[in-house]
Amino acid sequence: MNVSLFQDHDSWLHRLDPRTKMIGAIILFAIILSFNHPLFMAGISLGILAAAFSARSLSALWKLRYILVLLVAFSSILWPFFSEGPTTIWYWKFLKVSRESLLFGIAMGLRLAAFVMTSLILLATTRNEDMTNGLIKMKLPYPVAFALSTALRLVPTFAGAGATIVQAQVSRGLDLESKNIVSRFGTLIPLAVPMFVSAIRYTNLLAMALESRGFTPDSPRTLYYEPTMGRRDWATLAALALILVVSLYLRLGLGVGVVMPGRM
Amino acid sequence: MPASVSIESLSFAYRNAGTRVLKDLSAQIEEGTFIALMGHSGAGKSTLCCAMNGLVPRFFRGNYDGRVTVEGKKVTKCGIVELSKMVGLVLQDFEAQLFSTNVELEIAFGPENQMLSREIIRERIDRYLSFVGLEGERHRDSSTLSGGQKQRLAIGSVLAMEPRVLVMDEPVTDLDPKGREAILSISGRLRDQKRTLVVVDNEYENIIKADRIWLMKEGEIVAQDSSASILSNAPLLESCGVMAPPTVSLFHAMSWPGSPFTFEDAKSLLKEGNLVTRREKSGFEECHSPRKGNPLLEARDLSFQYPGSLVLSLRNINLVIHEGEFVAILGENGSGKTTLAKHLNGLLTPVSGEMLVESRPTRAYRKPELARQVGYVFQNPDHQIFAPSVREEVGFGLKIRGEKPGIIEENVGRALAATGLEGYEDKSPFLLARGERERVAVASVLAVKPRVIILDEPTTGLDYAHQLETMRMLKSLNEEGHIIIIITHAMWIAESFATRTIVMRQGEIITDGPTRRVFADERGLSETSLVPSALVRLSNWLGTASLTVEGMVKELQS
């Protein structure tokens with residue numbers, strides 16, 4: 001089973017320095033937060049999709065399509081009830097939906113999707129080790145960087161172990177198909193205990209393996225894939241920074257791209 | 001010759017454990033020799049390995065006495081990086097040893113920690129990838145490699161640190177014959193390069209090339225001698241829970257001179273001494289075709305494809321399994337053995353074709369209902385153990401079925417008796433030894449009294465005595481009327497216990513028939529890279545019908 005998101009292609013995004021990609025993602029987050037008009041959000045989302053396409057990462061997004069669709073759907077349905085705008089288009093007792101709140105909901109849905117897509121593209125185009133190396137180069141303490149990347153690395157392993165545990169218990173008669181909430185609650189312990197035990201065993205073995213390979217968390221080491229900032233990296237960061245400045249000017253200076261002024 | 005590793009009156013007890021795992025060990029390894037470590041489980045083999053590279057006592061703490069020196073340096077005084085240049089350790093579990101996202105980074109990891117320059121690291125990657133035969137996989141994601149490739153990568157990644165001594169703890173146990181072959185040829189090449197090599201392995205076939213064997217028992221080295229003299233001493237091996245080469249046992253039982261442990265040696269000894277006349281191969285089919293009861297499991301044109309996969313994992317499987325059969329499924333990793341077995345109890349349902357249990361398709365059953373008919377014991381018992389006591393663990397299947405406490409008690413008692421676990425009722429299953437945990441897993445399936453019991457590699461991780469115990473238990477369950485189906489890589493297990501053998505390759509059944517007939521066809525087996533054990537090849541050559549030492553002796557003496 002392969003749940004890892006990274007895909008080893010050779011695209012301009014893959015070739016960028018991991019630092020560029022991480023800082024770039026943060027700038028992109030700020031751009032996403034600059035507007036709350038659905039059309040602007042749609043434009044940004046399309047831009048992100050185009051980047052994903054050019055990096056051949058659409059299949060990584062496709063893996064999590066349900067989550068993306070759910071985010072947009074839930075947020076578009078729920079937000080309108082919790083925010084108020086001047087033009088009411090529908091009401092029932094205390095529930096009220098306005099044109100602005102409806103648009104705002106859609107914008108929020110797209111915003112969440114844009115966040116998720118940006119992070120997915122980052123993970124799909126950046127090797128785990130490169131992420132660690134980038135963080136180290138940005139002067140993050142090595143143990144912290146390593147802990148972060150190990151956590152990412154362990155997700156697929158634990159997902160695999162979880163699937164096996166479910167199968168092992170089902171073949172002993174554990175009933176996961178039951179509709180009864182009470183009996184389903186009883187299924188938690190037979191699944192959770194082996195999960196914890198195997199996680200502990202695994203991490204212990206991993207620690208052993210790391211030590212036998214001469215790894216000590218706080219001493220310096222060579223980085224075989226040493227990230228280097230090239231002209232492309234600076235150009236990418238400059239372009240993103242420029243877009244951010246323009247976005248902020250549009251939003252704060254001209255008040256464009258807003259359906260709900262005063263909200264982020 | 002200078003001593004490369006020197007162990008001087010070493011004792012060790014794990015923290016919070018009363019007894020010592022290593023008791024006053026003293027031994028020396030000369031530079032450039034290949035040492036094999038054998039012994040029952042719990043004899044202290046792994047602890048000794050860890051003591052050589054300092055994981056004991058640095059990582060596993062406890063009471064440490066005596067000393068281990070590598071080329072004159074005490075391992076307890078060395079730093080982690082310094083030690084990695086002295087002793088490299090390859091663990092049995094290859095999954096946990098690989099943590100990088102591609103093959104070359106995995107090799108680079110150790111040298112990176114040793115602060116070597118990028119140019120040197122690149123050279124080492126080139127050198128050691130070709131040494132372990134993975135040069136074509138340089139940029140592959142290591143999690144997509146096969147088991148054998150993973151273990152080779154693990155070895156390569158330790159070798160890349162260029163340690164003076166390489167220690168491998170059961171490097172081939174989890175591998176199929178093809179994977180084993182590759183690892184053994186690596187250790188052969190290391191031996192040719194005169195590297196100091198320490199390998200833990202309880203199967204004599206894997207360590208025939210060793211210069212010396214250390215035989216361990218209860219924390220002590222009870223014998224250290226040349227491999228020829230240790231392997232020909234069957235009583236000594238068996239007293240340490242290690243399987244003696246069956247050909248040696250056969251020669252002793254027949255009072256033939258010599259103690260051969262390969263088929264070729266045995267054959268030439270028999271020819272030279274003119275000790276025996278070969279028989280016509282006849283009657284294999286009649287005297288060994290298994291008794292057949294009613295058909296219980298049936299696959300019709302079954303095909304299966306994992307979602308997202310491009311190839312079929314199973315192709316047009318047709319199979320009928322009758323009451324009373326004891327079936328072994330053999331084949332390489334990825335040949336579809338486990339996928340097929342998971343169809344038998346409905347964990348997977350076919351993409352096309354039918355899987356019938358008692359003439360009813362598995363998809364028509366509810367899963368818990370099917371679990372009562374077909375029990376499945378997973379490879380790793382730790383994937384299912386969760387209860388605070390053995391009694392609750394074993395009674396779990398009955399409890400969720402809503403059985404009365406009296407019936408649960410009775411069935412649990414019976415299952416524990418059948419697995420030799422009486423008296424364990426109130427113990428915590430987590431604190432048992434691996435072999436005992438395996439038996440708890442079998443008992444917990446058995447308690448539900450399924451008519452079919454499927455076991456995925458029931459003997460890996462067990463020593464010979466426990467393997468024998470587990471297999472005898474399965475045999476007696478089979479005699480009581482349960483259908484037993486095992487997936488295994490151990491040829492001798494299939495040879496001595498199964499009545500029927502199924503060989504799979506690339507999702508298809510290649511051979512299916514009575515075990516004796518399947519193992520008579522050595523050429524057919526070699527196409528799937530399976531090699532029968534030396535004893536069975538000898539039996540084929542002699543033309544005897546039996547596949548066990550006792551049976552062959554009986555036939556040859558009549």
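Proteins get letters first, then strands, A, B, ... in listed order; numbering begins at 1 in each. Keep in mind that what you see is a predicted model, and the values were worked out from it rather than measured.
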Atom pair CZ (Phe378(B)) and OG (Ser171(A)), whose distance is rounded to the nearest 0.5 Å: 4.5 Å
Ranked by heavy-atom pairs below 4.5 Å to chain A, first place among Arg118(B), Arg372(B), Gln114(B), His383(B) goes to Arg118(B)
Evaluate side-chain contact (heavy atoms from CB on, under 4.5 Å) for Arg213(A) paired with Ser84(B), printing each intermediate quantity in order. CA-CA 6 Å; Arg213(A) 298 264 286 278; Ser84(B) 71; over 6 Å; no
Verify side-chain hydrogen bond (donor to acceptor under 3.5 Å, both in side chains) between Tyr225(A) and Glu112(B), making sure each step is shown before the conclusion. CA-CA 10 Å; Tyr225(A) 285 176; Glu112(B) 283 181 323; over 6 Å; no
Is Arg172(A) close to chain B through its backbone or its side chain, or both, or neither, when contacts mean heavy atoms under 4.5 Å? both
Report the distance from atom CD of Gln384(B) to atom CG of Leu191(A), rounding to the nearest 0.5 Å. 12.0 Å
Counting N and O atoms only, with roles assigned by atom type, does the side chain of Arg153(A) sit under 3.5 Å from a partner on the main chain of Phe99(B), one being a donor and the other an acceptor? yes
Could you tell me the separation between the OG1 atom of Thr101(B) and the CE atom of Met131(A), rounded to the nearest 0.5 Å? 10.5 Å
Could you pull out all residues at least two apart from Ser313(B) that satisfy side chain to side chain donor-acceptor pair (under 3.5 Å)? none
Gap between atom CG of Asn113(B) and atom OG of Ser219(A) - 0.5 Å precision: 7.0 Å
Apply the test side-chain contact (heavy atoms from CB on, under 4.5 Å) to residues Phe386(B) and Val197(A): give CA-CA distance (whole Å), side-chain angles for both, the deciding distance (0.1 Å), then the verdict. CA-CA 9 Å; Phe386(B) 71 95; Val197(A) 171; over 6 Å; no
For Ala207(A), which atoms come within 4.5 Å of any heavy atom of chain B: side chain, backbone, both, or neither? both
Examine distances only and state if a side-chain atom of Arg122(B) and a backbone atom of Tyr224(A) form a donor-acceptor pair shorter than 3.5 Å. no
For Phe109(B), does the six-membered ring have the charged nitrogen or CZ of Arg221(A) within the cation-pi criterion, i.e. under 6.0 angstrom from the centroid and within 45° of the normal? yes
Asp8(A)/Arg140(B) ion pair, N-O < 4.0 Å: no
Is the closest basic N to carboxylate O distance between Lys367(B) and Asp175(A) below 4.0 Å? no
Could you name the residues of residues 448-458 of chain B that have a heavy atom within less than 4.5 Å of a heavy atom in chain A? none
For the OG atom of Ser212(A) and the CG atom of Asp169(B), what is their distance to the nearest 0.5 Å? 11.0 Å
Let me confirm one number: the CD-CG distance from Glu211(A) to Asn53(B), rounded to the nearest 0.5 Å. 9.0 Å
